[in-house]
Amino acid sequence: MVDDFLSSGSNLNLSIRLIEAFLTLARTKQFSIAAEQFNVTASAFSQMIARLEEVVGARLFERSTRSVELTREGEVFARGAHRITAEVRATLRQVREIAGSEPRIVAIAAPPAFCGAWLPKQMEAIKKKHPSLLFRLHDAFSNDCLAMVRNASVDFGLNSVAGDANEYDATLLVNERMYVICPADDKLAANSSIELKELAGREITHMLPSGSMWQRIHPWLAEVGAIENGIHVTHMGTLAGLVASGFGIGVIPATAASLSVRPGVKIIRIRDPKAFRPIYLIKRKNSPLSAGAQLVWNQLLAAATNEITMESLDLPDPPAAAESAEDHPQGPPGGAGARRARREAGR
């Protein structure tokens, strides 16, 4: 941890260590846990918070026997504390890079599906041109990505949500086409593409409502009369497994197809013009990138096309999925159709 001091006159003497102690307690909401994470005794940690409140001149936490909560003053201080620690981390990285005391490390956060499909190929191409670059890649869901960018845990992020314009600078990188994933014996499987209206009355297995995928596609599906089956999952691979076993159908972005290709499913393009999700490059507002991060940022922009599709990713076809639908009109033996029939017979 950095232990430099931010000072202004004789009445303010705030160390980064005190600010980080405050943020640790604000996150954990318990003195004992915060002290353990900070590697000090509970008594020493309590004294640090008391010292901080004395310097600030306000009570930052409401204490109870079980937990602590930020006061109104604490909430204001937290916003500034995040900015301060983020600036210090980013500045240290830039100084050390210039001084040559550490390699040119570029830290990126991106959606899990993007980390498994499009992004690694771009990183490989950049690495060949600039072998001195080192990458740190974090697969993160939307809110986590925004937090990592805000706290300078990463240089920048790729995200389907641009974030608050007061906190982030966002540049559209690419649009990613949406697809339906359905059992290979489903009536939709005979199509190479469909319209959203063809999902009317169909049961949908969703990603979690807190995720950007659900937030983007839920209004579309509600508008055409699709039905939620009550199942919400975190990972695209889980969704594909459920669909293959007959639990409804799902909607996935193009980069998730590599996680979803398996026997017993068919992945079909949605041809509606609005059926895509945007992917933005995001960084902290008015904060310059390091030389290495700026280079990668520019290279990603140069490599992006107007739209990412399954075809542009050159993904393999699902093993034997198409053949199963043709050879067994009622569903492949042991496939989704058979499993649905067994479940209905057991009711």
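Here the structure is a predicted model, which is why all the values come from computation and not from measurement. Scope of the values below: all heavy atoms of this structure, side chains included, with no hydrogens, waters or symmetry mates. We're numbering straight along the sequence, starting at 1.
Cluster membership for Ile33 and Phe61, using ILVMFWY side-chain heavy atoms within less than 4.5 angstrom, is not shared.
With sequence neighbours left out, the side-chain contact (heavy atoms from CB on, under 4.5 Å) criterion links Glu36 to no other residue. For Glu223, the side-chain contact (heavy atoms from CB on, under 4.5 Å) partners are Lys274, not counting sequence neighbours. Take Thr85 and apply the side chain to side chain donor-acceptor pair (under 3.5 Å) test, not counting sequence neighbours, and it matches no residue. Scored by the side chain to side chain donor-acceptor pair (under 3.5 Å) test, Arg63 finds Glu53 as partners (sequence neighbours excluded). Residues passing the side chain to side chain donor-acceptor pair (under 3.5 Å) test with Ser193 are Arg271, sequence neighbours excluded. Not counting sequence neighbours, the partners of Arg51 by the salt bridge (charged side-chain N to carboxylate O under 4.0 Å, His left out) test are Glu54. Among residues two or more places apart in sequence or in another chain, the side-chain contact (heavy atoms from CB on, under 4.5 Å) test is passed with Asp164 by Asn166, Glu167. Residues satisfying the side-chain contact (heavy atoms from CB on, under 4.5 Å) criterion with Glu228, sequence neighbours excluded, are His206, Trp214, His218, His232.
Counting only residues at least two apart or on different chains, the ring pair (Phe, Tyr, Trp, His ring centres under 6.0 Å) pairs with a member in residues 149-180 are Phe156-Trp297. Among residue pairs with one or both ends in residues 73-84, those qualifying as side chain to side chain donor-acceptor pair (under 3.5 Å) are Thr71-Glu73, His82-Asn151; sequence neighbours excluded. Among residues at least two apart or in separate chains, there is no ring pair (Phe, Tyr, Trp, His ring centres under 6.0 Å) pair with a member in residues 262-292.
Here the shortest heavy-atom pairing between Val154 and Ala107 reads CB-O, 3.5 Å. Nearest heavy-atom pair, Ile282 versus Ala162, reported as atom, atom and distance to 0.1 Å: CG2-O, 3.7 Å.
With a 4.5 Å cut-off on side-chain heavy atoms, Asp155 and Val296 do not count as touching. Residues Leu25 and Gln30 form no side-chain contact, since every pair of their non-hydrogen atoms from C-beta on lies 4.5 Å or further apart.
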Identify each donor-acceptor pair in which a side-chain atom of residues 135-145 lies under 3.5 Å from a protein atom, sequence neighbours left out, and give them as a table.
{"residue": "Ser142", "atom": "OG", "partner": "Asn159", "partner atom": "ND2", "Å": "3.2"}

For a side-chain contact (heavy atoms from CB on, under 4.5 Å) check, start with the C-alpha distance between Lys266 and Leu188, then their side-chain angles and the critical distance, and finish with the verdict.
CA-CA 9 Å; Lys266 182 76 180 292; Leu188 294 175; over 6 Å; no
